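Not measured: the values here are computed from a predicted model. Labels below follow one simple rule: chain letters A, B, ... track the order of the sequence lines, proteins then strands, and each chain is numbered from 1.
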Number of protein chains: 2
Amino acid sequence: MSERRVTMADVAREAGVSPTTASFALSGRTDMRISDASRERVLEAARQLGYRPNVTARSLRTKSTQTIGFVSDRITTTPFAGDVIRGAMEAARERDNLLFITEAGGDRAAESSLVHALLDRQVDAVIYATMFTRYVTPPKELFGRRVVLLNCLAPGFDAPSVIPDELEAGRDAARALLAAGHTQGIWAIGGHQAVPATPEGIIAGNERMRGLEEVLREGGARLDGVIECDWDTLDGYREVSALLAAGTRPRALVCLADRVSFGAYQALAEAGLSVPEDVSVISFDDQDIASVLRPALTTLKLPHYQLGRLAVELILRGGPLDPIVHRVPMPLRERSSLGAPAGN
Amino acid sequence: MSERRVTMADVAREAGVSPTTASFALSGRTDMRISDASRERVLEAARQLGYRPNVTARSLRTKSTQTIGFVSDRITTTPFAGDVIRGAMEAARERDNLLFITEAGGDRAAESSLVHALLDRQVDAVIYATMFTRYVTPPKELFGRRVVLLNCLAPGFDAPSVIPDELEAGRDAARALLAAGHTQGIWAIGGHQAVPATPEGIIAGNERMRGLEEVLREGGARLDGVIECDWDTLDGYREVSALLAAGTRPRALVCLADRVSFGAYQALAEAGLSVPEDVSVISFDDQDIASVLRPALTTLKLPHYQLGRLAVELILRGGPLDPIVHRVPMPLRERSSLGAPAGN
DNA sequence: GCATCTTGCTAATCCGATTTAGCCGAGCGG
DNA sequence: CCGCTCGGCTAAATCGGATTAGCAAGATGC
């Protein structure tokens, strides 16, 4: 694209040395002796001419493009996951790397084709990411390659995974509930989300529930009930409405996702119940909506930014990528939806 | 990254021809005569060996990397703008191009550095995008380059712009209002948004308001008032509450952004007013929240996907990029917040 | 005083493609 | 029978760097 760039040959000519000398001077390598005077002249010429190395040309020889590929199912589309990309991007930037972002939309063929497009461009590594935490089998083109799995697990596939610590988040939700004094009338809305159609629950739902029940039990409390439903606003609204209509009067709702909480808020409002005076709500995810809901939602944040950042950091650390599962903490965002239990 | 790739030399050897012949056979060029037999053998050998051209190496000679750079202020972060990237990505994919996605966070120095990183990698073109429609001055590194401005305008900068058709959207909002029978008691919340701190309004606010007032006037109606405030949930809540507290009873609210509508909903609910029976609401943007609000919000959609797609299409069309402003329609999403005016 | 090191630098290759220049043999006109 | 054209193909150069091999001059060792 337009006007010829200054090349190393230009710099060498300007400095009156050979391209070899220019190369060594510019890369700062010391295994070839260059006099201070020559080095200075090269550096000065480079500055003068505004020389910038052609990364593409260099990579032909060095095999390193300072470029990472990012393939996901539909991560850019999901409202909150832009943070994953931002985390990855910023970590990459700090080490002069750039990201190719791609999205396969869940289509295996598209996925393979994208991975090929990435490999054709000689990316140094590939991040294979999913929108929801789940098990995956990466495309075969990725076998034997430098890969980090982001937000997913692939047993038997030789690559590290970076996922949110859902188990500990479940425990933290229980701890927050107990700390506020809740021991009874606690309902979980959304449940394990073991619905095949929405695979997110396979990991997130199970672990959140497990951690929750574990700590509740240890604290001498327990769940009055678990309502299994899809993790969306409509289901949250419907299920909580039904629960209230059936005469149940919960004191605390653990919504397995913010979308569910939003539906629950609508159902509670319609029933004339206020949060947190009548019913406390604690949730998971910390989507944008959580902070603008009234009252603002207390929730365990999915650490998207950190997830993206760590994935890139593992790659840029250099050395082999050990197939370890890295669990990133989900911080509790304490806002206003969790209060003391309503008096009897 | 790992195991040596099959090169064209391998294919040529396998087919028993020179690399030159292999190159011409594979690229399908006809300006050099290759016998059908040779061509077939090359193609067969390539298939056999699973040959894929090294795009990086090729670009060294051809100057085309089939790669587009994308620089934005903070577009990945904004909840709804993932669609811009998706639109751009998909359009790129259709033509075997890939996108480098970067984000400068509004920092000029970071912006320059990112553009350099992009140019060092020989991108064929750069998309310069902003989160909100506004005027910009692109970094000097972009002058004379192949650039498309996305969601922004830069008078005097020689590049096409792709922006939403805010003016027509304002008109459409007015038309929808008139069609529903509204002619009085109409208030605009959010106004022109000419607040220096939030530059989004510079274009969007002014044009939406202009289109709105123009068509309202033509229809024999007018705005009872315009409340200038920030385009966020809290301001929407505050301003509408204040309006109602002052004894005003609007029949229709034109909220200049969905975030404002959400705040307005909260204020109306607290005042015991229902949508759309007591007060109609029409809005702009169509963020995710618009469809899960109760009642679902009627709004003019910001065409993010189309914006991203068109930007890439302009680039891949080939030929010079004329400095034209392309306005993409904002479709009306009719849902349930707009009804007939409340009876007197 | 001659062999051996250093020091400081350059020529030549290589990376994996594309592209230009040109070679060789067959067919053809004269 | 000679010179030309043309079909089919290859050698070599090129793109912009990194890297290996090696060379010349001065310093040092003995």
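In plain terms, the two heavy atoms of B:V136 and B:Y128 that are nearest each other are CG2-CE2, 3.8 Å.
Taking the six-membered ring where the residue is Trp, the centroids of A:F100 and A:F70 are separated by 6.0 Å or more.
Put simply, B:S38 has a side-chain N or O that comes within less than 4.0 Å of OP1 or OP2 on D:dC9. Under 4.0 angstrom from either OP1 or OP2 of D:dG17 there lies at least one side-chain N or O belonging to A:Y51. Contact check, B:K63 against C:dT18: no side-chain N or O comes under 4.0 Å of OP1 or OP2. An OP1 or OP2 oxygen of C:dT10 is reached within less than 4.0 angstrom by a side-chain nitrogen or oxygen of A:T21. Listed pair B:R39 / D:dG8 fails the phosphate criterion, with no side-chain N or O lying under 4.0 Å from OP1 or OP2. The side chain of B:R58 places an N or O atom within less than 4.0 Å of a non-bridging phosphate oxygen (OP1 or OP2) of C:dT18. In this model, the phosphate group of D:dC9 is approached by a side-chain N or O of B:S35 to a distance below 4.0 Å at OP1 or OP2. Here B:S23 reaches the OP1 or OP2 of C:dT18: one of its side-chain N or O atoms lies under 4.0 Å away.
Distance from the side chain of A:T7 is smallest for D:dG16 among the nucleotides C:dT10, D:dC9, D:dG16. Closest to the side chain of A:L60, out of D:dG16, D:dA18, C:dT18, is D:dG16. Closest to the side chain of B:F24, out of C:dT10, C:dT19, D:dC15, is C:dT19.
Taking atom CE of residue B:M32 and atom C1' of nucleotide C:dC23, one finds them 12 Å apart after rounding to whole Å. Atom CG of B:L26 is separated from atom P of C:dG16 by 16 Å (rounded to the nearest Å). If you take CZ of B:R13 and P of D:dT10, they are 14 Å apart, rounded to a whole angstrom. In this entry the distance linking CG of A:D31 with P of C:dG8 reads 14 Å, nearest Å. Here C:dG8 presents its C1' atom at 16 Å from CD of A:E40, a figure rounded to the nearest Å. Spacing between atom CG of B:D120 and atom P of D:dG16 amounts to 14 Å, rounded to whole angstrom units. Atom P of nucleotide D:dC15 and atom CG of A:N54 are separated by 12 Å, given to the nearest angstrom.
Of the possible donor and acceptor atoms, one in the side chain of A:T65 sits under 3.5 Å from a partner among the backbone N and O of A:Q122.
A donor-acceptor contact under 3.5 Å links the side chain of A:R61 to the base of D:dA18. For B:T20 against C:dT19, a side-chain N or O and a base N or O form a donor-acceptor pair under 3.5 Å. On a pure distance criterion of 3.5 Å, no polar donor-acceptor pair joins the side chain of B:T62 and the base of C:dA17.
Using a 4.5 Å cut-off on side-chain heavy atoms (C-beta onward), B:D36 and B:E40 make no contact.
Residues A:S59 and A:T62 bring no donor and acceptor atom of their side chains to less than 3.5 Å of each other.
Across all strands shown, B:V17 has heavy atoms under 4.0 Å from sugar-phosphate atoms exclusively, and none from any base. Nucleic acid contact for A:M8: sugar-phosphate only, since backbone atoms but no base atoms lie under 4.0 Å from a heavy atom of the residue.
DNA chain D is contacted by both B:A57 and B:R33; B:R33 maps to the nucleotide lying nearer its 5′ end (nearest heavy atom per residue).
Interatomic distance, NE2 of B:H326 versus CD of B:Q306, reported as 14.0 Å (0.5 Å rounding).
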